[in-house]
Amino acid sequence: MAVKAALPEGTKVPCHVGVIMDGNGRWAKKRGLPRKFGHREGAKTFREITRHAKRLGISYITYYAFSTENWKRPQDEVNAIMELFEKYLDEVRDFIEENIRVRFIGDRSKLSENLQRKMASVEEDSKDFDSMTLVLAINYGGRDEIAHSCRALAEKVRRGELEPDDISTELIEQNLYTEEIPPVDLVIRPSGEQRLSNFMIWQAAYAEFYYTNILWPDFKGSDLEAAVLDYSERNRRFGGI
Ligand code: FPP
């Protein structure tokens, strides 16, 4: 059954929302369950919140699913997260039916070939859809992304296609994984932590932040609405007055 999205008239809905899906491990621990159960519940929340974001009129939603630092976790947990990606990449096809474009950001080369193949095919099959863009950050790190952009530009300089003096913020931006994806307007971090943790450090330069103590598996559509309403009240000045 379709849930009607209810936001007061005049609410300023952010164009691009970034979500740090935090608190899965603690959610499981509180219930005496292994951490991977928390990730499983977190993946269900991801599905619900994506649909709700579309109903609210959010154009881009980016989830921090796996960072370049998350490989340090126990192998068993890393495997469980990778299995969830595989499962959800199949399910992400349901999003395609809802006209949602799917994109991935991050260094794919360290992911399994099967996962890389599925990612490429979901991107290809959804590339013309325009109701919303869902971005999944997998093996993603903001610093790593900036280094990736610098390498691409350095290569152009080496080939004589670019002068060092012509390197601008726009050129760096065009060579980030996000390419044509607009900057982030609102970053939501549940679970009580108040840090960016290397998530879209370039794109979030002027983002508003919303923190809540709710753990990600417990995060509901109404919590997304609360974040959007809070954002709507903010006075964004982008360095001006
Ligand atoms: C952070 O919580 C969460 C992660 C590192 C993994 C997020 C992955 C998923 C929700 C799996 C599926 C995702 C998709 C897109 C299908 P934490 O483990 O750091 O929690 P803690 O701080 O309570 O330990």
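Counting starts at 1 for both ligands and their atoms, following the listed order. Just so it is clear, the structure is predicted and the values come from calculations on it, not from any experiment. For the single chain, residues carry numbers from 1 onward in sequence order.
Closest protein heavy atom to atom 13 (C) of ligand 1: F85 CE2, 3.7 Å. If you check which protein heavy atom lies closest to atom 4 (C) of ligand 1, you get H39 CE1, 3.8 Å. Closest to atom 1 (C) of ligand 1, if we only count protein heavy atoms, is M21 O, 3.1 Å. With hydrogens left out, the protein atom closest to atom 11 (C) of ligand 1 is L84 CD1, 3.9 Å, a heavy atom.
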Q: May I have the step-by-step check of side-chain hydrogen bond (donor to acceptor under 3.5 Å, both in side chains) for T133 and R103, ending in yes or no?
A: CA-CA 7 Å; T133 298; R103 288 278 317 271; over 6 Å; no
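Interface atoms of ligand 1 facing A43, defined by a heavy-atom separation under 4.0 Å, are 10 (C), 12 (C). Within the listing of ligand 1, atoms 6 (C), 7 (C), 8 (C) sit less than 4.0 angstrom from a heavy atom of A65. Interface atoms of ligand 1 facing L136, defined by a heavy-atom separation under 4.0 Å, are 15 (C). For ligand 1, the atoms closer than 4.0 angstrom to any heavy atom of R26 are 21 (P), 22 (O), 23 (O).
Other cluster members for Y206: F238, joined by side-chain heavy-atom distances under 4.5 Å among Ile, Leu, Val, Met, Phe, Trp and Tyr.
In this structure, K87 does not count as a contact residue of ligand 1, since none of its heavy atoms falls inside 4.0 Å of the ligand. Heavy atoms of S191 stay at 4.0 angstrom or farther from ligand 1. Within the structure, ligand 1 lacks Y63 among the residues with a heavy atom less than 4.0 angstrom away.
With a 4.5 Å cut-off on side-chain heavy atoms, V17 and D185 do not count as touching.
A salt bridge does not link K44 with E48: every distance from a Lys NZ or Arg NE/NH1/NH2 to an Asp or Glu carboxylate oxygen is 4.0 Å or more. Salt bridge annotation for E77-K36: absent, with no cationic side-chain nitrogen under 4.0 angstrom from a carboxylate oxygen. Under the 4.0 Å criterion applied to side-chain N and carboxylate O atoms, R101 and E124 are not assigned as salt-bridge partners.
In this structure, the side chain to side chain donor-acceptor pair (under 3.5 Å) partners of S121, at least two apart in sequence or on a different chain, are R93.
An N or O contact shorter than 3.5 Å links G23 to ligand 1 by distance. Of the polar atoms of N24, at least one N or O is found under 3.5 Å from an N or O of ligand 1, judged by distance alone. Looking at ligand 1, you'll find an N or O of R35 within less than 3.5 Å of one of its N or O atoms.
Checked against E208 for a salt bridge (charged side-chain N to carboxylate O under 4.0 Å, His left out), the options K12, R234, R189 give a single hit: R234. Exactly one residue among R108, R117, K118 makes a salt bridge (charged side-chain N to carboxylate O under 4.0 Å, His left out) with E123. That residue is R108.
Among K29, E69, R73, the residue whose heavy atom lies closest to atom 19 (O) of ligand 1 is R73.
With a heavy-atom cut-off of 4.0 Å, N70 touches ligand 1 through its side chain alone.
Cation-pi geometry between R73 and W71 is not satisfied (NZ or CZ under 6.0 Å from the ring centre, within 45° of the ring normal).
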